[in-house]
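The structure displayed is predicted, hence computed values, not measured ones. Each chain gets a letter, A, B and so on, in the order the sequences are listed, and its residues count up from 1.
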Amino acid sequence: MPEGIEIEYYRRLAERVLDRRVVAVDAPDPWFLKGGLIGGALADAVVGRRFVAARRVGKLLLLDTDADGPTVGLRFGMTGRLIVDGVAGVDDLQYSSQRDEPAWDRVAFTFDAGDLRIRDPRRLGGVVLDPDESSLGFDLLTISAAQLRRALAGSTAPVKARLMDQARVAGVGNLIADEVLWRAGIDPAREAGSLSDPEIRRLHKHLRAGVGAMIERGGSHTGDLFAERRPGGRCPRDGAPLVRRTVGGRTTWSCPRHQR
DNA sequence: ATTGTGGCCTGCCCGC
DNA sequence: TGCGGGCAGGCCACAA
């Protein structure tokens, strides 16, 4: 599913359309338009303009328009793919369909050459105009150790829940959270505020290194833990049978031996 | 404010 | 072979 890593791939892909002129917007699914937006208003806002920057904060992809026009915010839920000029931003999207159905196109921007579209079977993504970026926390690719400390401090919530709280740390989804906590040897259910300074620094180190490795390997499903997230799965580090729980409302796999 | 829960959406997979 | 139920999780509304 798209987490911050996949959205970063989408952002890079979206850079292809910069400086092209939007000639049409097709939004066949009103459900997909968020924040009171309607198809006609979206088209009015961007047709004739050009996208001049493709930015990303967490799992939110932002396309800025020229001449102080609006910013288009794109969300992908867990099954949304970005497709630019017929090229998909990722080819292996976990938990989504491997099929390719044009009927799943929920929004499409057509340019003077080529197009950009979101293909989302489950319709959990969406499009919003001028999204509120200030409600998002520190981005997972640039967060500092001090910022991570601030995101976790004083909380009784599970550390995994805080990591996935987009208002605290933006871009961490379920797979990334499990992977980095496993790498750092920290129990996902630990109270966030109970982590010591050395543990926070260790978590930060593994967050940066783990995300970096997964970006290079090709996605949030390429972590060392991923293949063992299944019944009968064993810890790749010490061989202990993994434990499946619900933490922070999400299916969580962890090693009872080395994650403390 | 913080934390937890349930619902939304729908393709897919398993068991009967 | 068909069918029904459960599952996946990002996000949001809502409750305590």
Side-chain angles (χ1 to χ4, degrees), chain A residues 1-10 27-37 56-62 73-82 89-90 92-107 118-128 131-137 139-140 150-181 188-194 214 219-221 223 225-233 244-254:
Chain A
M1 74 304 331
E3 302 186 20
I5 290 171
E6 281 74 20
I7 311 306
E8 174 60 19
Y9 298 150
Y10 291 172
D29 183 359
W31 164 262
F32 211 73
L33 303 178
K34 308 298 181 182
L37 186 62
R56 179 194 60 79
V57 180
K59 302 170 192 170
L60 178 65
L61 180 60
L62 298 150
L74 302 178
R75 294 197 167 281
F76 297 87
M78 65 173 287
T79 56
R81 292 171 193 264
L82 185 73
V90 298
D92 184 18
L93 199 58
Q94 300 297 315
Y95 307 120
S96 186
S97 172
Q98 300 305 313
R99 290 192 293 135
D100 235 5
E101 291 282 348
W104 297 336
D105 286 355
R106 308 304 177 188
V107 67
I118 295 180
R119 189 163 290 175
D120 182 6
R122 299 252 310 267
R123 305 167 76 208
L124 288 167
V127 180
V128 63
D132 176 17
E133 300 175 39
S134 69
S135 62
L136 293 169
D139 187 80
L140 83 168
R150 202 184 316 166
L152 302 179
S155 173
T156 61
V159 57
K160 178 176 177 178
R162 274 267 162 148
L163 282 179
M164 291 196 301
D165 180 346
Q166 301 301 298
R168 312 279 177 177
V169 182
V172 175
N174 200 41
L175 296 184
I176 294 176
D178 275 7
E179 173 74 13
V180 302
L181 288 164
R190 280 271 302 279
E191 286 192 5
S194 76
M214 287 184 272
S220 55
H221 61 288
L225 184 65
F226 182 78
E228 299 299 317
R229 292 176 102 262
R230 54 176 175 78
R244 179 191 194 272
R245 289 173 292 175
T246 297
V247 177
R250 293 293 164 230
T251 300
T252 300
W253 294 86
S254 62

Peer 1: Whole Å only: how far is the CZ atom of A:F32 from the C1' atom of B:dC9?
Peer 2: 11 Å
Peer 1: Whole Å only: how far is the CG atom of A:L61 from the P atom of C:dC11?
Peer 2: 13 Å
Peer 1: Would you find a donor on one side and an acceptor on the other, under 3.5 Å apart, between the side chain of A:Q166 and the backbone of A:G58?
Peer 2: no
Peer 1: Under 4.0 Å from OP1 or OP2 of B:dT10: is there any side-chain N or O of A:W104 that close?
Peer 2: no
Peer 1: Go through the N and O atoms of the side chain of A:R75 and the base of C:dG10, and report whether any donor-acceptor pair is under 3.5 Å.
Peer 2: no
Peer 1: Look at the side chain of A:R244 and decide which nucleotide, out of C:dC11, B:dC8, C:dC7, has an atom nearest to it.
Peer 2: C:dC7
Peer 1: Using a cut-off of strictly less than 4.0 Å, decide whether A:R123 has a side-chain nitrogen or oxygen near OP1 or OP2 of B:dT10.
Peer 2: yes
Peer 1: Which is true for A:G249 with a 4.0 Å heavy-atom rule: it touches a base, it touches only sugar-phosphate, or it touches nothing?
Peer 2: nothing
Peer 1: Rounded to the nearest angstrom, tell me the gap between atom NE2 in A:H221 and atom P in C:dG9.
Peer 2: 14 Å
Peer 1: With a cut-off of less than 4.0 Å, is there a side-chain N or O of A:T79 near OP1 or OP2 of B:dC9?
Peer 2: no
Peer 1: Among the nucleotides B:dG4, C:dC7, C:dG10, which one has an atom lying closest to any side-chain atom of A:A157?
Peer 2: B:dG4
Peer 1: Would you say a side-chain N or O of A:T251 is under 4.0 Å from OP1 or OP2 of C:dG9?
Peer 2: yes
Peer 1: Measuring to OP1 and OP2 of C:dA8, would you say a side-chain N or O of A:R250 lies under 4.0 angstrom away?
Peer 2: no
Peer 1: Report yes if the side chains of A:L62 and A:P131 come closer than 4.5 Å at any heavy-atom pair, otherwise no.
Peer 2: yes
Peer 1: Please give me the minimum heavy-atom distance between A:R245 and A:P188, naming the atom from each residue.
Peer 2: NH2-CD, 3.7 Å
Peer 1: Using atom CZ of A:R162 as one end and atom C1' of B:dT2 as the other, report the distance to the nearest whole Å.
Peer 2: 8 Å
Peer 1: Could you tell me the separation between the CD atom of A:E3 and the P atom of C:dA8, rounded to a whole number of Å?
Peer 2: 14 Å
Peer 1: To the side chain of A:W31, which of C:dC11, B:dC9, C:dG9 is closest?
Peer 2: B:dC9
Peer 1: Salt bridge check: are A:D139 and A:R56 linked by an N-O gap of less than 4.0 Å?
Peer 2: yes
Peer 1: Taking OP1 and OP2 of B:dT2, is either one under 4.0 Å from a side-chain nitrogen or oxygen of A:S155?
Peer 2: no
Peer 1: Rounding to an integer number of Å, can you tell me how far A:R81 CZ sits from B:dT10 C1'?
Peer 2: 15 Å
Peer 1: Distance check needed: B:dG11 P versus A:E101 CD, whole Å only.
Peer 2: 9 Å
Peer 1: What is the distance from CZ of A:R230 to C1' of B:dC13, rounded to the nearest Å?
Peer 2: 17 Å
Peer 1: Report yes or no: does A:R230 contribute a side-chain atom to a donor-acceptor pair with the main-chain N or O of A:A227 at less than 3.5 Å?
Peer 2: yes
